[in-house]
Amino acid sequence: MLPVVVVHGGAGQIPKQRTEQSTLGVCTAVRAAYTILRGGGSSMDAVVEAVTQMEDNPSFNAGHGSVLNAKGGVEMDAIVMEGKTLGSGAVSAVRNIANPVQLARLVMDKTSHACLTAEGASQFARAMGVPEVPEESLITEYSRMRWTKNLAPEANPVECQMGKMGTVGAVAVDSEGNIACATSTGGMLNKMEGRVGDTPCIGSGGYADNNVGAVSTTGHGEAIMKVTLARLILFHMEQGHSVEAASDLGLAYMKSRVAALGGVVTVDPRGHWAARFSSRQMSWAAAQKDTLHYGLYTGEHFTQSIDHPH
Ligand code: ASP
């Protein structure tokens, strides 16, 4: 069953004209990650590669294509975690870098801390030689249009975002049985400056433990944090539930307890995997045994050979 990688491109409802790009984006990211795994690479390298590709893809709310905060700026959150040592790294409210997931990995690898925020994260990025990029290069016409639309006093940005999400994440198990997760986001549309969501919070935006499995989440961050969604799902797996049942239990609890929708990708140490969501849609893709799996609507599940030309 090993290796395996599963990615998501955000839970919500994707506007019709963007569904194709979103599906293509998750499939391309999962192929790149699977190539690493098939070559004997680590699950951490695989999830960082998948998330980097989606950060670079303007179809998703992460890196280039991030939503804007109330002041029209881009502040991004990201996390990585590896299941062997339970080591993790995160950045929150970071600006002017193309790939927050890579900075999160540097926090894990090069510091004794688990999370760096805002200006301190930028200083660390500079010290590590991560190039600074102009804010403009992270902003798309689409994200600016949605920002302007939600400045109106009667606007409801949370509802609007539940309409169109795009946070990205990945979980993987490599051929040595090591498990990893990564999640990256621009956050919630028109959020207050300085707002930090679930994504960089360990156990909420993601969690990985070689003994249990890994989860990467997407949805309304304030709700995900209330139920620590990633860790809640792993708790259900510890109780003997399958990846699929545990994911559904976690999402159902979030829906009944705090009235929020979301989505997750989940793996266990044997390579069982799931992509589950309570929102209308979540673009997702998985690769295992040289087969590519993908879908967008509830119950949708397409497969093709991973080597099939796309
Ligand atoms: N969870 C992200 C946040 O609240 C948003 C999302 O998943 O789309 O920052």
Side-chain angles (χ1 to χ4, degrees), residues 7-15 18 22 25-26 51 54-55 57-63 65-70 73-79 90-95 100-101 104 115 117-118 138 142-143 146-147 150 156-171 181-207 215-233 247 250-251 254-255 258-266 275-284:
V7 311
H8 69 76
Q13 186 179 337
I14 300 157
R18 293 175 74 88
S22 184
V26 288
V51 169
M54 292 187 284
E55 286 176 339
N57 185 331
S59 308
F60 301 110
N61 170 19
S66 288
V67 298
L68 308 190
N69 66 19
V74 173
E75 291 178 312
M76 302 165 289
D77 302 331
I79 190 168
V91 291
S92 62
V94 68
R95 291 170 180 261
V101 73
C115 184
T117 194
L138 300 171
Y142 181 68
S143 58
R146 290 172 65 206
W147 171 69
N150 280 281
N156 183 341
V158 171
E159 205 159 275
C160 177
Q161 176 143 347
M162 272 325 287
K164 307 162 191 78
M165 287 208 176
T167 287
V168 302
V171 290
C181 71
T183 312
S184 179
T185 187
M188 294 300 285
L189 189 57
N190 293 41
K191 63 189 180 182
M192 286 173 70
E193 198 172 29
R195 177 266 189 186
V196 173
D198 60 305
T199 301
C201 298
I202 191 166
S204 290
Y207 200 85
V215 180
S216 168
T217 69
T218 168
H220 185 202
E222 282 71 6
I224 290 174
M225 286 189 278
K226 283 178 183 156
V227 301
T228 54
L229 184 60
R231 194 64 191 78
L232 176 62
I233 289 168
S247 302
L251 288 166
M254 186 163 87
K255 190 171 174 183
V258 294
L261 306 178
V264 299
V265 288
T266 308
R276 308 292 293 174
F277 48 99
S278 52
S279 53
R280 248 194 91 192
Q281 293 168 320
M282 181 179 79
S283 55
W284 63 268

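When a ligand or atom number is given, it counts from 1 through the structure's own listing order.
- With Ser92 as the partner, the side-chain hydrogen bond (donor to acceptor under 3.5 Å, both in side chains) test is satisfied by one option alone out of Thr117, Thr199, Asp77: Thr117.
- Listed by number with element, the atoms of ligand 1 under 4.0 angstrom from any heavy atom of Arg195 are 3 (C), 4 (O), 9 (O).
- The CE atom of Met188 sits 10.5 Å away from atom CG of Asn150, with the distance rounded to the nearest 0.5 Å.
- Under 4.0 angstrom from ligand 1, the non-hydrogen atoms of Asp198 all belong to its side chain.
- Look at Gly10 and you'll find every heavy atom at least 4.0 Å from all atoms of ligand 1.
- With hydrogens and angles disregarded, a donor-acceptor distance shorter than 3.5 Å links the side chain of Trp147 to the backbone of Ala70.
- Summarising the contacts of atom 5 (C) of ligand 1 with Ser204, Gly219, Gly197, the nearest heavy atom is found in Gly219.
- Ligand 1 has no N or O atom lying under 3.5 Å from any N or O atom of Ile224, backbone or side chain.
- With atom 6 (C) of ligand 1 as the reference point, the heavy atom nearest to it among Val168, Val196, Thr167 is part of Thr167.
- Contact atoms of ligand 1 toward Gly187: 9 (O) (distance under 4.0 Å to a heavy atom of the residue).
- Atoms of ligand 1 found under 4.0 Å from any heavy atom of Thr218 (numbered from 1 in listed order, with element): 6 (C), 7 (O), 8 (O).
- Atom NZ of residue Lys255 and atom OG of residue Ser278 lie 6.0 Å apart, to the nearest 0.5 angstrom.
- Under the 4.0 Å criterion applied to side-chain N and carboxylate O atoms, Glu222 and Arg195 are assigned as salt-bridge partners.
- The closest side-chain donor-acceptor pair between Thr218 and Thr167, if any, does not fall under 3.5 angstrom.
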